[in-house]
Structure formats: C-alpha cells, structure tokens
Amino acid sequence: MARLMGAPVFSTLGCRLNAYETEAMKDLAACAGVSDAVIVNTCAVTSEAVRKARQEIRKLRRDHPGAKIIVTGCAAQTEPQTFAAMAEVDMVIGNTEKMNPAIWSRLTPDLIGTTEPVLVDDIMAVTETAGHLIDGFGTRSRAYVQVQNGCDHRCTFCIIPYGRGNSRSVPAGVVVDQIKRLVDKGYNEVVLTGVDLTSWGADLPAAPRLGDLVLRILKLVPDLPRLRISSIDSIEVDEALMQAIATEPRLMPHLHLSLQHGDDLILKRMKRRHLRDDAIRFAEEARRLRPGITFGADIIAGFPTETEAHFDNSLKLVEECALTWLHVFPYSPRPGTPAARMPAVPGKAIRDRAARLRAAGEAAAARHLAAQVGQTRTVLMESPLMGRTEHFAEVHFTADQPVGQIVTARITGHTGQHLHA
C-alpha cells in the first residue's frame, strides 16, 4: 500500500481565516516533526460545507491510503463525532487545539496511534488572544493579518460562534508590529481579517474600536501603500472608521458588508442587529464621505418563513445600497441553530431566489465595470497578467506586469466580469 512520505499534506475548506490558520499549522507541524499525515481544515458555515468536508476526506483517503488523516476546523469543532465516526479519519482536533504546539507534538508518527482520537475542548471557555500570528500569509502580492477571532452574537442561522468561540482581539501594538514586518518584506497590501471584525477591541483595555486600529496602522506604518478591511457589520461601524473612510486614501474604497437580508421581519428572525434602513443609511453616508466606494455583501436567499415579498426586499437592496459584489448563500439549515426549527422554504424556491439574486449581482457588477472604462486606475498585480483595482475589480493585461507591484493602468474595456487594460 502506498504511503505518503515527508511533509504533511494540508487541505483547506472555507474562509480566508481558515487559510490563514492553515499556514500557521504548517509551521506548527514542521516544528513538531509531523509527517505521513493529511490535515483537513474544515468549514461549518452551511450543511453543504460539512458535506463537502466529508467528501474531501474520502477523496484524500483514496489519494493517500497510507497516511494518517487528521480533521480540524469549524466542522470538527461543532460536530466532532460526525468525523470521528468516519472510517477514513484517524484523529479529530478542535479549533483551539489546532493552534497548540503541545497538541502537534502528539501527532508525530510514533505517538499518533496512542493519542486520544478526539481532542476537542469547550471553545466557549477560551479567553486568550490567539498566539499564532504569522508573517506573510497570502500571495506574493497581498498579506492577511488576523486581528480578531470568535463572535459574541447569536444569529439564528449561524453555527460559527460554536466553532470559533467568543470574540477575542489581538492588541493593536502586536498588529502594527506585524504589519511593519510585512511591509519590510515587500507587501504592498494588507487585509485585516476576523470572524466579527467590527467587534475588534471590545475585550481589550479601554475598549478601542476598529476605526482606532485602522487609523493607528495608517499613522504608524506610513510605508504601507494599501490597507483593506474584510467583512464588516455596518451597524457596528464607529466614527473613527468613518473618518478613515473619508480622509485616508490608503484605506481601499471597497467594503464587504454582512447584510444577510433586506426585509425587517426576516432580519429580526435572523436576530440581526440592523434593519434595512440602517444598511441603506450606512451605504449612503459612506458614498458621501468617499465618492466611488464599492460594496460587496453577503445575502441569504430562502431563509425560513421568507415570502416572495420578503425576498423582493433583498432584491431591491442591491440597488438601494448600490451593491457591486454579491456573495449569495442559498439557506441551508444547520442542526442546533434556532432557524433550523423554523418553517422551511421549499428547496426549488430557495434555488430560484438565489439565482435571481446572483443575476442582480452580476448586472450590478457589469454596470460598475462599464463605468471604469476610460478611467486610470492603480492595480495591484496578483499574477503577471491579472491584478485588482482599489475597488477590488479584476483587471486583465495583455503584457506581463511585475507581480506584487502596484501599476497604473488605463482601463480600455470590460467583459461584464472583469476589466481590460
């Protein structure tokens, strides 16, 4: 039987934060001397994500029949016995355990056979800041810095707090020092990431806000050309962040909003903290402060009890908030969440509504791209022939450009999905 030799193989499913943590796990595994192993970092955001994790594990067992398979991540944290019961799986470790060097020392070839097969503790008991910050996760062009983990909110559709625990923040000084190192390594763009990014600072002394962190980074790291922030909850945006949006050109004019729906009744049933008018007011104010700013958004189609009229309010929100880049999620029940016990929308209606939302998003993106033709934009190159504008639009070039560098380009056309320069 074939055996996997040498360094372990990692498979990452789900969000950027998972990808970030996989990079940290690679270092932990190398330091511990782990080999002949496959580590699967799972996602639990939807039932489909859990299904894909199981499918990936079965595929990896076929590809690496002699390796030990170790499953971790949010799905492993929330459903450890589901994965422990799979014949392909040798070990299940939780989201806290996967960042613990002592756990990795127990995963070496001579010890793994005698280690407890399920190592998943109560993540709600975790209070310390994650200590696994790494330098330079990302591509050659863009680095991601985890500044926050966990979530204190309990949206009725979401299982993630039970996979990530309560909110914990990385102190501002630690974040600034890391970004300085990344800039010294040549990174031209840094993205701040977290599970609930706008809650950053609530657990730190004096309870600073995300805007305070953004302004501090831009002040103390003057050589950083571009700073982005990932998904935010618009109702939690503070005055300092609005000030940064208005006055700091190095803060990129693109925000991804966690909206989830456009109807007030559904938002209440989701246990969200905003109403549709709050979202519209935020978008209008951000556009006033930063003309040309673009918005991405997460929207769920087919949440339990959603009628056609409720859904129509989500569809209208695309124009009312001037959304450009949509992430559309067909509702998928997660066992253990309150929404899973609510009256369900038929699957066909969910799929139809998701398709209509995606079509609205594609039309909005095409309008934005058309408006860019003839404009001059600065583009961060992700590959020799592709980069992204300040507004996160993809630009394709006809001649090679230096990867990782910011180039100035005149936009000559678009396809409806990306720009040409």
Side-chain angles (χ1 to χ4, degrees), residues 16 20 133 135-148 170-194 197-198 200-201 208-232 234 237-257 282-283 285-296 324-325 368 372 375-382 387-395 401-409 411 419 421:
R16 287 285 186 185
Y20 184 107
L133 290 175
D135 289 331
F137 159 61
T139 63
R140 289 160 60 191
S141 55
R142 180 179 293 110
Y144 297 84
V145 176
Q146 181 184 354
V147 302
Q148 182 274 339
V170 178
V174 176
V175 175
V176 168
D177 287 347
Q178 188 192 14
I179 293 175
K180 286 179 178 177
R181 292 195 297 272
L182 292 167
V183 172
D184 287 345
K185 288 184 174 184
Y187 283 97
N188 283 314
E189 182 172 301
V190 166
V191 184
L192 303 183
T193 69
L197 196 59
T198 31
W200 178 88
R209 302 294 299 275
L210 180 62
D212 301 320
L213 177 63
V214 167
L215 291 173
R216 185 168 177 177
I217 291 167
L218 292 168
K219 178 181 178 181
L220 297 181
V221 195
D223 294 335
L224 173 66
R226 286 184 168 194
L227 180 67
R228 285 192 192 274
I229 50 179
S230 58
S231 182
I232 60 171
S234 59
V237 169
D238 59 284
E239 289 184 12
L241 185 54
M242 297 305 286
Q243 177 190 341
I245 290 169
T247 63
E248 293 286 353
R250 291 184 294 143
L251 178 62
M252 293 295 95
H254 165 251
L255 298 172
H256 191 83
L257 309 178
F282 171 81
E285 178 65 5
R287 283 198 304 274
R288 184 185 71 80
L289 295 173
R290 190 79 173 268
I293 192 170
T294 60
F295 304 109
T324 301
W325 320 109
H368 169 72
Q372 303 305 299
Q375 303 290 322
T376 298
R377 295 294 181 212
T378 58
V379 181
L380 177 69
M381 298 306 301
E382 297 183 8
R388 291 189 186 272
T389 68
E390 313 96 301
H391 303 92
F392 213 63
E394 195 173 296
V395 185
Q401 307 294 321
V403 176
Q405 297 304 303
I406 296 172
V407 302
T408 301
I411 305 303
L419 299 170

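Residues Glu189 and Val191 share a closest heavy-atom pair of OE2-CG2, 4.1 Å. Summarising the geometry of Ala421 relative to Ala409, their closest heavy-atom pair is CB-CB, 3.9 Å, with the distance given to 0.1 Å. Nearest heavy-atom pair, Val176 versus Arg216, reported as atom, atom and distance to 0.1 Å: CG2-CG, 4.2 Å. Minimum heavy-atom separation, Asp238 to Gly211: OD1-N, 3.1 Å. The nearest pair of heavy atoms linking Ala286 to Ile245 is O-CG2, 4.4 Å.
For Thr389 (side chain) and Val379 (main-chain N/O), no donor-acceptor pair under 3.5 Å exists by modelled atom type. Here the side chain of Trp200 pairs no donor or acceptor atom with the backbone of Pro171 at under 3.5 angstrom. Side-chain atoms of Thr294 come within 3.5 Å of backbone atoms of His391 as a donor-acceptor pair (strictly under, hydrogens ignored). No side-chain donor-acceptor contact under 3.5 Å links Asp177 to the backbone of Val174. Under the 3.5 Å distance criterion, the side-chain polar atoms of Asn188 are matched with a main-chain donor or acceptor of Gly404. In terms of modelled atom types and a separation under 3.5 Å, the side chain of Arg228 and the main chain of Glu390 share a donor-acceptor contact.
Considering only heavy atoms from C-beta on, Leu257 comes within 4.5 Å of Phe282 through its side chain. Residues His254 and Phe295 form no side-chain contact, since every pair of their non-hydrogen atoms from C-beta on lies 4.5 Å or further apart. Annotation: side chain of Arg377 is not in contact with side chain of Thr408 (no heavy-atom distance under 4.5 Å). Looking only at side-chain heavy atoms (C-beta outward), Val147 and Val145 come within less than 4.5 Å of each other. Annotation: side chain of Lys180 is not in contact with side chain of Val183 (no heavy-atom distance under 4.5 Å). When side chains are defined from C-beta on, Leu380 does not count as touching Val407, because their heavy atoms never get closer than 4.5 Å. Considering only heavy atoms from C-beta on, Val214 comes within 4.5 Å of Leu227 through its side chain. Proximity of Ile232 to Val237: side-chain heavy atoms (C-beta onward) are separated by under 4.5 Å at one or more points.
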- Full working for side chain to side chain donor-acceptor pair (under 3.5 Å) between Arg226 and Thr378: CA-CA 11 Å; Arg226 286 184 168 194; Thr378 58; 3.3 Å; yes
- Task: Show the numbers, then the answer: is there a side chain to side chain contact (heavy atoms under 4.5 Å, CB included) between Leu241 and Ile229?
- Result: CA-CA 10 Å; Leu241 185 54; Ile229 50 179; 4.0 Å; yes
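To the nearest 0.5 Å, atom OG1 of residue Thr324 and atom CD1 of residue Ile293 are 10.0 Å apart. Taken to the nearest 0.5 Å, the NE2 atom of His368 stands 11.5 Å off from the CZ atom of Phe392. Expressed to the nearest 0.5 Å, how far CD of Gln401 lies from CD1 of Ile406 amounts to 13.0 Å. Annotation: the span from Leu210 atom CG to Thr198 atom OG1 amounts to 7.0 Å, rounded to 0.5 Å. The CD1 atom of Ile179 sits 12.0 Å away from atom CG of Asp184, with the distance rounded to the nearest 0.5 Å. Interatomic distance, Leu197 CG to Gln146 CD, rounded to the nearest 0.5 Å: 10.5 Å.
The residue from Glu394, Met252, Met381 that alone fulfils the side chain to side chain contact (heavy atoms under 4.5 Å, CB included) condition with Arg388 is Glu394.
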